[in-house]
Protein chains: 2
Amino acid sequence: MSLRHSVLGLLVIQPSTGYELAQRFDRTLRNAWHASHSQIYPELAKLQEEGMVEVVGEGARRSRTYAATERGRQELVRWMTEEEPVRTQRNETAVRWFLLALVPPQARRAPLEREIAYTSAELADLEDIEAGMSAEQPFRPTVELALRMNAVMLDWLKEQLNRS
Amino acid sequence: MSLRHSVLGLLVIQPSTGYELAQRFDRTLRNAWHASHSQIYPELAKLQEEGMVEVVGEGARRSRTYAATERGRQELVRWMTEEEPVRTQRNETAVRWFLLALVPPQARRAPLEREIAYTSAELADLEDIEAGMSAEQPFRPTVELALRMNAVMLDWLKEQLNRS
DNA sequence: GTTGACATGTAACAAGTTACATGATTGA
DNA sequence: TCAATCATGTAACTTGTTACATGTCAAC
């Protein structure tokens with residue numbers, strides 16, 4: 001269950017409301033983990049009960065801003081250093097790319113062009129994020145990795161298109 | 001639900017028993033989708049009921065070999081070309097790499113070395129697979145993509161280690 | 001004969017999605 | 001005042017995991 005450690009990590013980086021966390025999952029963890037608000041709110045309640053997070057502010061529209069506690073920060077480091085990673089992945093896009101060879105060549109163009117459009121947009125997005133980041137930002141390396149991976153993917157997709 | 005189309009795809013590539021499918025998920029779809037036998041067997045039963053797969057042979061130990069039917073093949077192509085891809089991903093390894101910056105530099109070496117070991121092994125594996133593949137194999141491009149991505153990841157991990 | 005891989009299945013539980021529900025605030 | 005976005009929550013359902021259960025076959 002990476003949900004709890006993703007939430008914990010996001011809150012260590014920056015205190016947020018549940019609503020903001022849902023957005024941050026979609027923006028900064030897009031290519032790593034997905035969580036919707038219906039999962040986030042109950043998880044925040046559980047984490048609070050366990051003393052891993054606390055409410056540090058209340059705003060408009062009954063919103064509560066949560067932050068990780070010292071205990072939460074320690075739990076995150078423990079998880080990162082001591083717990084054996086679960087290597088199972090779920091990525092429908094990767095499944096589709098793998099199965100591309102099974103689509104007859106004439107029908108391959110459409111899905112390939114769709115994937116090229118998607119990946120180009122992702123790449124452009126990452127370039128914008130990188131451009132707005134100072135060199136010392138602790139998360140810059142993560143963006144750089146995503147950037148390199150997306151560039152490799154886009155190249156590959158274009159090669160596949162040229163061959164069909 | 002990519003389970004059904006992953007199963008369908010694997011069976012189009014090569015007829016298999018449920019047991020073999022479980023192994024193929026772990027080998028060839030490692031970085032795309034995971035499924036365990038307790039999910040595969042009921043899914044095969046459902047796919048058979050719907051005429052997407054059929055039993056093409058029975059072997060030792062009450063094993064049944066399934067293959068995709070024409071209907072199954074058509075459904076797979078329909079899914080690949082017409083259905084809007086679900087872009088949500090779940091990848092604990094990616095979450096961990098993202099959160100690396102939150103681990104104090106002194107504690108970062110251990111997880112980084114573990115990830116380097118893991119990624120090197122994956123890369124070596126992929127190189128073996130590629131070496132045993134003829135140039136015309138329809139799935140060679142997929143292996144090449146995985147190879148390039150793993151190379152990028154390994155480079156990145158080594159950079160991170162050098163910086164900490 | 002016994003260990004390990006092959007082979008299939010179900011049940012209980014946990015995690016994740018979709019749909020339902022409600023209300024506040026902002027800006028056009 | 002109306003629509004969009006902010007904001008939180010729960011319920012029903014689907015998907016996925018872990019544990020339980022059983023039996024076959026080959027090699028040592």
Next item on the list: Return the value, rounded to whole Å, for the distance between atom CD of A:Q89 and atom P of D:dT15.
Entry: 21 Å
Margin query: So that I can tick it off, tell me whether A:R71 and A:E75 are bridged by a salt bridge, with the cut-off set at under 4.0 angstrom between side-chain N and carboxylate O.
Written below: no
Next item on the list: Give a yes-or-no answer on whether the side chains of A:T69 and A:E54 include a donor-acceptor pair shorter than 3.5 Å.
Entry: no
Check: Between C:dA5 atom P and B:H37 atom NE2, what is the distance in whole Å?
Finding: 16 Å
Next item on the list: Please report, rounded to the nearest Å, how far the C1' atom of C:dA19 is from the CD atom of A:Q39.
Entry: 15 Å
Notebook entry, point to check: Do the side chain of A:R90 and the main chain of B:H34 share a donor and acceptor less than 3.5 angstrom apart?
Noted result: yes
Next item on the list: Measure the distance from CZ on A:R4 to C1' on C:dG16 and round it to the nearest whole Å.
Entry: 16 Å
Checklist line | CG-CH2 distance between B:N91 and A:W33, expressed to the nearest 0.5 angstrom | finding: 8.0 Å
Next item on the list: Specify the residues of residues 8-35 of chain B, ordered by number, for which at least one heavy atom lies under 4.0 angstrom from an atom of DNA chain D.
Entry: B:W33, B:H34
Notebook entry, point to check: Is A:S63 touching bases, backbone alone, or none of the nucleic acid, heavy atoms closer than 4.0 Å?
Noted result: sugar-phosphate
Next item on the list: Mind calculating the distance between CD (A:E58) and C1' (D:dA7) to the nearest angstrom?
Entry: 13 Å
Next item on the list: Let me know which of A:L21, A:L76, A:V12 forms a side chain to side chain contact (heavy atoms under 4.5 Å, CB included) with A:V7.
Entry: A:L21
Margin query: Taking only side-chain N and O atoms of B:R61, does any of them lie within less than 4.0 angstrom of OP1 or OP2 on C:dG4?
Written below: no
Note to self: Contact list please: residues 41-52 of chain A against DNA chain D, heavy atoms, distance less than 4.0 Å, in numerical order.
What the structure shows: A:Y41
Next item on the list: Can you see which heavy atom on A:V55 is nearest to which on A:R64, and at what distance?
Entry: CG1-CG, 3.8 Å
Checklist line | Phosphate-side-chain proximity, B:R62 and D:dG23, N/O vs OP1/OP2 below 4.0 Å | finding: no
Check: Quick one: A:Y66 OH to D:dA7 P, roughly how many Å, whole number?
Finding: 13 Å
Item checked: Separation of B:L99 CG from A:L10 CG (nearest 0.5 Å) -> 7.0 Å
Next item on the list: Using the closest heavy atom to pick a nucleotide of DNA chain C for each, name whichever of B:R90 or A:A60 lands nearer the 5' end.
Entry: B:R90
Check: In whole angstroms, how far is the C1' atom of C:dG23 from the CZ atom of A:R64?
Finding: 14 Å
Next item on the list: Using a strict 4.0 Å threshold on nitrogen-to-oxygen distance, state whether A:E159 and B:R140 make a salt bridge.
Entry: no
Check: Out of C:dT17, D:dG16, C:dA11, which has the shortest distance to the side chain of A:S36?
Finding: C:dT17
Notebook entry, point to check: Looking at A:V95 and B:S6, what are the two nearest heavy atoms and their distance?
Noted result: CG1-OG, 3.6 Å
Next item on the list: Round to the nearest Å and state the distance from A:L3 atom CG to D:dT17 atom P.
Entry: 15 Å
